[in-house]
Amino acid sequence: MIPGSPAPIGIFDSGLGGLSVWRQIVRQLPEESTVYFADRAHVPYGGRQPQEIRSYCVGICTALTEAGCKVIVVACNTASAVALHHLRERFPESLILGLEPAVKPAVAITRSGVVGVMATPATFQGRLYRATVGRHAASVQVVEQVCLGLADLVEAGAIAGARTDALLLSFLEPMLTAGADTIVLGCTHYPFVIEAIRRLVGPDVAVIDPAPAVARHLASLLHHYAMQAPPGSACHRFFTSGAAAHFDRDAQLLLALETASISIPWQRQGGEDGELTPPRLHSPPRSF
Ligand code: DGL
């Protein structure tokens with residue numbers, strides 16, 4: 001960690017979902033450079049075993065620290081739920097920020113006393129989520145809604161249309177029937193369908209996207225450690241373990257963003273069952 005550092009902020013997710021966090025970081029911290037890694041070779045993380053998710057996260061954090069990132073944002077609720085604690089132990093020198101479902105702000109605003117949380121199975125099973133609910137939600141009823149397939153739909157760019165509405169309704173109805181007046185988006189892919197969710201639940205139900213609060217928290221951390229970037233040097237690089245052309249096409253579709261991403265496939269040492277070696281992100285900086 002270099003004080004007053006121009007070094008980039010590393011941000012990663014299983015896929016494109018973390019771009020909902022990236023977007024807020026760039027909006028709130030326009031002087032900061034970023035390195036974004038989408039592990040699209042392994043998306044979705046949500047149904048995978050914790051051990052597997054942790055090993056991907058360790059590989060990605062190794063790559064981001066080697067690329068000189070001053071802070072790492074785990075822009076994925078699933079990876080945070082399963083691996084955040086482990087990553088902080090494994091990279092004690094690094095500042096690592098994770099995401100937890102925004103249960104606390106939801107509890108503060110609910111009038112019905114029922115809060116719905118949309119997330120992946122792995123997020124609900126992780127100890128971070130359990131601890132968050134235990135700490136903040138004792139006074140309310142929390143309805144947990146596993147949203148199987150929703151992250152995949154966003155990855156496929158299907159953020160509007162009858163099929164998306166039908167899937168969303170199947171997730172929203174149990175929460176609304178239970179009386180939820182506040183719904184937490186507990187996966188970074190879901191803000192890309194927030195407009196559809198708002199339309200389906202109507203104006204009396206609040207829908208919380210945690211990304212703006214994460215960017216605010218990051219801003220206060222950078223301020224606290226005097227690590228803000230000097231003005232005028234922001235540059236944004238994008239890497240994917242999948243196909244670069246697909247990443248660029250899908251980022252354009254979701255955010256109208258020109259990414260010129262670079263594909264860095266995972267390598268296995270010693271054949272098919274060998275250990276995954278971290279991707280290496282050394283490459284010329286690109287700006288958009
Ligand atoms: N974007 C990820 C999250 O916030 C998960 C999607 C997935 O890979 O299952 O949980």
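Remember, it's 1-based here, ligands and their atoms both numbered in the order they're listed. As the structure is a prediction and not an experimental result, all values here were calculated from the model.
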Item to check | Residues that R198 engages under side chain to side chain donor-acceptor pair (under 3.5 Å), provided they are two or more places apart | outcome: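 Here no residue qualifies.
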Checklist entry - Considering residues at least two apart in sequence or located in another chain, which fulfil the side chain to side chain donor-acceptor pair (under 3.5 Å) criterion with R88? => result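 R88: no side chain to side chain donor-acceptor pair (under 3.5 Å) contacts found.
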Checklist entry - Counting heavy atoms only, which part of A151 comes closer than 4.0 Å to ligand 1: side chain, backbone, both or neither? => result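 It is the side chain that touches ligand 1; the backbone stays farther off.
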Checklist entry - How does S14 reach ligand 1, by side chain, by backbone, by both or by neither, if only non-hydrogen atoms under 4.0 Å count? => result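 For S14, only side-chain atoms sit under 4.0 Å from ligand 1.
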Checklist entry - Using a distance-only test with no angle check, is there a side-chain donor-acceptor pair under 3.5 angstrom linking W266 and D39? => result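 Indeed, the side chains of W266 and D39 share at least one donor-acceptor pair under 3.5 Å.
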Identify the protein heavy atom lying closest to [atom], giving its residue, its atom name and the separation to 0.1 Å.
atom                    : answer
atom 2 (C) of ligand 1  : C76 SG, 3.2 Å
atom 10 (O) of ligand 1 : T78 OG1, 2.6 Å
atom 1 (N) of ligand 1  : H189 ND1, 2.7 Å
atom 9 (O) of ligand 1  : G46 N, 2.7 Å
atom 7 (C) of ligand 1  : Y45 N, 3.3 Å

Item to check | Min N/O separation T120 to ligand 1 under 3.5 Å | outcome: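 Such a contact does not occur with ligand 1.
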Checklist entry - Which of the atoms of ligand 1 are close to D13, meaning less than 4.0 Å from one of its heavy atoms? => result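 This gives 1 (N), 2 (C) as the contact atoms.
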Next on the checklist: As an exercise, identify every atom of ligand 1 less than 4.0 angstrom from a heavy atom of C187.
Outcome noted: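 Ligand 1 atoms under the 4.0 Å threshold to C187: 1 (N), 2 (C), 3 (C), 4 (O), 5 (C), 6 (C), 10 (O).
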Next on the checklist: More than 12 heavy atoms of other residues, nucleotides or ligands under 6.0 Å from CZ of R249: yes or no?
Outcome noted: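 Count over threshold, so yes.
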Next on the checklist: Counting only heavy atoms not in R23 (residues, nucleotides, ligands), do more than 12 fall under 6.0 Å from its CZ?
Outcome noted: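 Counting neighbours around CZ of R23, more than 12 heavy atoms of other residues, nucleotides or ligands fall under 6.0 Å, so yes.
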Next on the checklist: For C147 versus M118, what's the shortest heavy-atom pair and its separation?
Outcome noted: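 Closest approach of C147 to M118, heavy atoms only: SG-CB, 3.6 Å.
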Next on the checklist: With a 6.0 Å cut-off on the ring centroids, do Y129 and F124 count as close?
Outcome noted: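 Y129 vs F124: aromatic centres under 6.0 Å.
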